[in-house]
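Single-structure report; data block below.
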Amino acid sequence: MTVDCCTMIVFGGTGDLAHRKLAPALYNMHLEGLLPDQFQMIGLGRKEKSDNQYRKELAASVEEYSASSWDAGRWAELENRLYYQAGDLRDNQTYETLRDKADHINIESSDDYNILYYLAVAPQYFPLAASKLKRHQRTPRGGGWRRIMIEKPFGYDLKTASELNSNLTAAFKEDSIYRVDHYLGKEMLQNILTIRFANSLFEPLWNNRFIDSVQISALEKEGIGDRGRYYDRAGAMRDMFQSHLLQMLAVTAMEPPLVKSVEAIKDEKLMLLKAVNPGSMDNGNGGIVLGQYGGYLEEKDIRSRSLTETYAAVKLEIDNDRWRGVPFYLRTGKKLHDKLAKIVIQFKKPPDIYDGELGEKLKQAEGTLENLLTLKIQPSEGVVFQFNIKKPGTVDQIAPAAMDFCQPCAYAINTPEAYEYLLTDAMKGDPARFTTWSEIEAAWKLTDGLYSHFKDTRGQVHLYEQGSRGPAEAEQMLEKDGRRWWES
Ligand code: BG6
C-alpha cells in the first residue's frame, strides 16, 4: 500500500493531542521521508490566530515533545504546509470556511484531492462534527477519498458509544473510519503476536497448564494535567481500562488466527473480549479496586467531592479452554511511582524434584524464583525471561537469572512513535492497527458491567499518596491470592 497524499484537517488543532502527539509525529514522518509530497495540514481552533503564529506554537511543542532532535531547517520545510483556521465546530459556517480553505490550498490539484479528518476534540463533540461533516463536505467527483480518524474515548458507556457509532457510520463508510487506540501503534504491542506465534518455545506454553497468572500494567507518573473537565467524567476505567488495557489483554490472550489476515486477527481479539468473565474471580469487592490520588480534588476543573478514580486494578478470568482458572490482573493509574507499560506472564512452579524441599529452597533463595516472561512496552522496549540456575559456588542453592532482550540496544534506530504508525496507516488506508466497532462494543459491555458491579457492591474509592504504588487494597487483592504485583 502506498501513502496517498492528502489534506489533513485536525479538529482540536490547538489542543493537547495536536501539540504533544500529532505535530511531533508529522515532524518525525517528515524527517524520515514518510510524508507524501502533497501533504498539508489545517488545524482548526477557536481563537483567532495567523498561520505563522500557529506554526510557531507547534514548533515549540515539537521541540519539547519529539523524540527526534530539533532541526530548525527541517522544520522550516514542513511548517509551510501547516495552516490554521479559526472557527467553532458547532457552526455550519466553520465547515464551509474549512472547505474553501482546503480548496484554496489544493488550488493546483483536481477537485478530487483526499481529505483526512482528525477528531481530536472533547468526545461530546464527535457526533455533532460527524453529522455536520456529512452535510457540508463535498463528495469527491473521481477517486479522491474522505477518511476520518477518531480518538478515544469512543463514548462514555455502551449507550453513548452506540449513538456515536451510528452518527459516524451515517456520515462515513465503515472502511473510511479509523478508530484510534494509540496503544495498538506501540512497537512492542505489535511484537507480541510475533513473540507468541513465531517461537515454538512460547506458544505451546501459552495456556492454563503452564501459566499461573498474567499481569498487565500501564502506570503513569503524571497526573491529569489540564484535562480535568474530560477526566473527571471519565476516570481511569473509561480513560485507560476500556481501551488500552483491554487491547493489551486481547492481543496477549487471543487464540491464533485461523488465517493470516487482519480480519482474522480482529475476529480473534473480539472473541477473546467476549470470553472475559468479570464476575467469576470476584470475592466481594476483590475483583476491582479503584483509587484516587491525594490532591486530585484540588486539580483544575474537578467537581468538589468527586469520586472519580485515577487508579484501577481489576481481576478477570477468561472463560475458554485455554485460560480457564488463570487470573488476569490489570492495573492503571496516574501519579504513581513509575511510568511504564508491561505485561508479565508468570509460569507455574515446576514439579518438585528436591523431595519436597523446593519450597524451602525457594524461600532461602535471593530474589524471586518464579519463571517470569516480561514484555516491556514502554518506556524501554524489550523482553525479559527470568529463570532459575544453581547459584555458582554452591552445591544446590537456587538463584534467579535473566535473559534480557533490549530492543533499542539491538536495533540502533528510534522505533517510530505510535502516532507515526497510525497517521501513516490512515493515509495508506490500512486498518490493521485500528479498533473495530465490535471490539469497542465488547469492551464497553465489560467496562459497564464492572462499573455496575462496583456500584451494586458499594465499592469504595481508596485514597493513595502521590508517587506511591497505588492503594494498599490493590496489593491486598493479589496477596489474598498468594501473589504480588511484579514491579521491576
Ligand atoms: C491516553 C489517555 O489515551 O493515554 C491519557 O487519555 C494517558 O490519560 C495516555 O495519559 C497514556 O498514553 P502513553 O502512550 O503515554 O502511555
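Just follow the structure's listing: the first ligand is 1, and inside any ligand the first atom is 1. Residues: numbered from 1 along the sequence shown. These numbers come from a predicted model, not from an experiment.
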- When rounded to the nearest 0.5 angstrom, what is the spacing between CG in Asp71 and CG in Leu78? 11.5 Å

- Query: Checking side-chain contact (heavy atoms from CB on, under 4.5 Å) against Ile9, which of Tyr83, Tyr118, Tyr117 comes through?
  - Reply: Tyr117

- Message: Filter on side chain to side chain donor-acceptor pair (under 3.5 Å), then keep only pairs touching residues 13-23, sequence neighbours left out; what's left?
- Response: His19-Ser61

- Item | Residue pair Glu487 / Asp338, side-chain heavy-atom distance below 4.5 Å | no

- Task: Give a yes or no on whether a salt bridge exists between Arg74 and Glu77, defined as a side-chain N under 4.0 angstrom from a carboxylate O.
- Result: yes

- Under 3.5 Å side-chain donor-acceptor pair for Asp301 and Tyr231: no

So what's ligand 1 close to, N/O to N/O, under 3.5 Å?
residue, atom, partner, partner atom, Å
ligand 1, 3 (O), Lys152, NZ, 2.9
ligand 1, 3 (O), His244, NE2, 2.7
ligand 1, 4 (O), His244, NE2, 3.4
ligand 1, 6 (O), Lys152, NZ, 3.0
ligand 1, 6 (O), Arg227, NH2, 2.9
ligand 1, 6 (O), Asp239, OD1, 2.6
ligand 1, 6 (O), Asp239, OD2, 3.4
ligand 1, 8 (O), Arg227, NH1, 2.9
ligand 1, 8 (O), Asp239, OD2, 2.6
ligand 1, 8 (O), Lys334, NZ, 2.8
ligand 1, 10 (O), Glu220, OE1, 2.5
ligand 1, 10 (O), Glu220, OE2, 3.3
ligand 1, 10 (O), Lys334, NZ, 3.1
ligand 1, 12 (O), His182, NE2, 3.1
ligand 1, 14 (O), His182, NE2, 2.8
ligand 1, 14 (O), Lys186, NZ, 2.6
ligand 1, 15 (O), Lys339, NZ, 2.7
ligand 1, 16 (O), Tyr183, OH, 2.5
ligand 1, 16 (O), Lys339, NZ, 3.1
ligand 1, 16 (O), Gln378, NE2, 2.7

